[in-house]
Structure formats: C-alpha cells, structure tokens
Amino acid sequence: MSDRLPVFPLSTVLFPGLVLPLHIFEERYRALVRELVARPEGTTPHEFGVVTLRHGSEVAPDPGEDGAVPPAPPVGADDLYDVGCTAELRHVTELPDGRFDIMTVGRRRFSVLGVEQGAEPYLTARVEWLPEEDEPSQTAQILAPRVLTAFRSYLELLRPNSEVLDQVPDDPTVLSHLVAATAQLTVEERQMLLSSPDTAARLRAELRLLNREAGLLARVRAVPVPLSDLARPASPN
C-alpha cells in the first residue's frame, strides 16, 4: 500500500530524529507550510517528505531582467534518490513578507515509488513506508559500543574538545542516525546509510566508514570544513 506525500527536494540528507531548519521563500513551499499549519491537531501528521536531489537545484531560477521568475524545471524521479525521510513541523515563524522560518525534525523513512506534479504547486510523491525496528537487534547492540568508540576517536581527531562529544547517545538506532548525519561523508554515503535495511547494517557500514575517515585524518591532520558545517545545513529556499 502506498501513500501520497508532499515532497521537498533538497541537497542534503535528513535522518530520523535529526533537526533540519529551513528558510521558506518560494511561493510553492509557502503554500505547503500554510497547508500543514492549517491541519487540525491529531488528524494527519504535520510533515512533508525530504528527498535528496541527485542533480539539479532545490530553488527556482533567478528572476530575469524584467523581474519575472522563470518556472522551475520539473523534477522527476530520476532527479531524486529513491529513499527519503519525512520532516515534521515543530516550530513555524511567519515573517512580515510572507516567508517562513521553520524548524523540523526527521520522523520516518520512505521509499519513493513515483513523483507527480498535480494540482498543488509543490511536488508530491507516491511513497511506501520503510519498516522500522521496535528495538535494535542483538547484533546492533553489540556493534553500537564499537561504533561509539570509533565515533569518539573520529571526533577527537576532527575537532578536539568538541561539544558534540558530550551529546553522543547510547541508543544504537539514534547513534546510527547521528553518526550518519554528522560524519564527514559524501551525499552518496549518507544516502546509502539512510537506505540501510536496519540499524545493524547501518552501524556495520558506519564502523567501516569511521575507521577509514579516522585513518585519513590521522595522516593528513587537516579537514576542508569545520564540524559545524557538516550537519544538515539550512536550505537557501
């Protein structure tokens, strides 16, 4: 069984439980925020899907010389990765000019079955919800301390005495999502981790990636960007 979900193509990967701030200025996404805010409490979740772009831009083209904004090129299924995560509205601030600053939190993963541009101004997709474990498996419980140790070593090399070290969770699933969102990984690697079938598979892949990155850092002793830039940048939209 599939559901229809409004989707927001972005250049970042959202994970369950992780915070994603967004600045909304395009009218199509303003309309989406207004619709979500207007939903009665306790009926349907105030959420939309975040799907990572394989290529292209998440914002409309710049206005032309006459001030008119050309229509954004259509986004198709081939432009998007096939697994995304919903973003649940937690806080909405409407600005005087009609833009919004919103704070969202990743909620649940889904697989994209197809995308549509229907009557709504924003993109929608047919999605299938990916199963989530009620509790991590025994394998995940065994892997979690190893990943936690590797993650702490990695963070010490990346940014000694970072405040992130005081915020590392013990829960295997939460840990797996935090590592995936925070470590210096490519979009493709983050997307692979989001698509992992379960926590154990995600932790196993992260252990390999963390050991690789720690080895590189130990040899180079330098990174191209600060740690604060690695986690879920605010969208320019």
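When a residue number appears, it is its place in the shown sequence, counting from 1. The structure displayed is predicted, hence computed values, not measured ones.
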Checklist entry - Got Pro172 and Leu203 here, is their nearest side-chain heavy-atom distance under 4.5 Å? => result yes
Item to check | CD-CZ distance between Glu128 and Arg126, expressed to the nearest 0.5 angstrom | outcome: 10.0 Å
Item to check | Main-chain N/O of Ala180 paired with Arg190 side-chain donor or acceptor, under 3.5 Å | outcome: yes
Item to check | Closest non-hydrogen atom pair, Leu207 against Ala150 | outcome: CD1-CB, 4.0 Å
Item to check | Pairing residues for Pro16 by the side-chain contact (heavy atoms from CB on, under 4.5 Å) criterion, not counting sequence neighbours | outcome: Cys85, Arg109, His177, Leu194
Checklist outcome for this item: Separation between CZ (Arg108) and CD (Glu47), nearest 0.5 Å, reads 4.0 Å
Checklist entry - With a 4.5 Å limit on heavy-atom distance, are the side chains of Leu193 and Glu189 in contact? => result no
Item to check | Heavy-atom side-chain proximity of Phe110 to Thr86 below 4.5 angstrom | outcome: yes
Checklist entry - Does the gap between the ring centers of Phe8 and Tyr29 come in under 6.0 Å? => result yes
Next on the checklist: Give me the atom names and distance for the closest heavy-atom approach of Ala125 to Val7.
Outcome noted: CB-CG1, 3.8 Å
Checklist entry - Is there a donor-acceptor pair under 3.5 Å between the side chain of Tyr81 and the backbone N or O of Val187? => result no
Checklist entry - Val179, Ile142: one ILVMFWY side-chain cluster at the under-4.5 Å cut-off? => result no
Checklist entry - Applying salt bridge (Lys or Arg N to Asp or Glu O under 4.0 Å), which residue pairs with at least one partner in residues 193-210 are found, sequence neighbours left out? => result none
Checklist entry - Salt bridge or not for Arg4 and Glu116, using N-O below 4.0 Å? => result yes
Item to check | Sequence neighbours excluded - salt bridge (Lys or Arg N to Asp or Glu O under 4.0 Å) pairs with any residue from residues 137-150 | outcome: none
Item to check | CG-CG distance between Leu148 and Asp171, expressed to the nearest 0.5 angstrom | outcome: 11.5 Å
Next on the checklist: If you compare all heavy atoms of Leu14 against all heavy atoms of Ala87, which two are closest, and at what distance to 0.1 Å?
Outcome noted: CD2-CB, 3.7 Å
Checklist entry - With distance as the sole test, does Ser196 use its side chain to make a donor-acceptor pair with the main-chain N or O of Met192 at under 3.5 Å? => result yes
Item to check | side-chain contact (heavy atoms from CB on, under 4.5 Å) partners of Asp82, counting only residues at least two apart | outcome: none
Checklist entry - Should Thr52 and Gln191 be marked as a side-chain hydrogen bond (donor to acceptor under 3.5 Å, both in side chains) after you check the CA-CA gap, both sets of side-chain angles, and the distance that decides it? => result CA-CA 8 Å; Thr52 307; Gln191 192 66 41; 3.3 Å; yes
Item to check | Side chains of Tyr154 and Asn211 in contact at under 4.5 Å (non-hydrogen atoms) | outcome: no
Item to check | Under 3.5 Å donor-acceptor, Thr199 side chain and Ala140 backbone | outcome: no
Next on the checklist: With a 4.5 Å cut-off on side-chain heavy atoms, are Val112 and Val83 touching?
Outcome noted: no
Checklist outcome for this item: Residue set satisfying salt bridge (charged side-chain N to carboxylate O under 4.0 Å, His left out) with Glu213, at least two apart, ordered chain then number -> none
Checklist entry - Under the 3.5 angstrom rule, does the side chain of Glu156 hit a backbone N or O of Ser153 as a donor-acceptor pair? => result no
Item to check | salt_bridge(Glu88, Arg90) N-O dist < 4.0 Å | outcome: yes
Item to check | Arg54 to Asp78 - nearest heavy-atom pair and separation | outcome: CD-O, 3.4 Å
Checklist entry - So which heavy atom on Leu178 is nearest to which on Pro169, and how close? => result CD2-CD, 3.3 Å
Checklist entry - How about Val115 and Leu80: do any of their side-chain heavy atoms sit closer than 4.5 Å? => result yes
Checklist entry - Same hydrophobic cluster for Phe15 and Leu130, using side-chain heavy-atom links shorter than 4.5 Å among ILVMFWY? => result yes
Checklist outcome for this item: d(Glu35 CD, Phe48 CZ) to nearest 0.5 Å is 12.5 Å
Checklist entry - So do Val92 and Leu89 actually touch side chain to side chain, heavy atoms under 4.5 Å? => result yes
Please report, to 0.1 Å, the donor-acceptor pairs under 3.5 Å made by any side chain of residues 93-105, with sequence neighbours excluded.
unit_1 : atom_1 : unit_2 : atom_2 : d
Thr93  : OG1    : His91  : NE2    : 3.3
Asp97  : OD1    : Arg99  : N      : 3.1
Asp97  : OD1    : Arg99  : NE     : 3.1
Asp97  : OD2    : Arg99  : NE     : 2.6
Asp97  : OD2    : Arg99  : NH2    : 3.1
Arg99  : NH1    : His23  : NE2    : 3.0
Asp101 : OD1    : His23  : ND1    : 2.7
Thr104 : OG1    : Leu20  : O      : 2.8

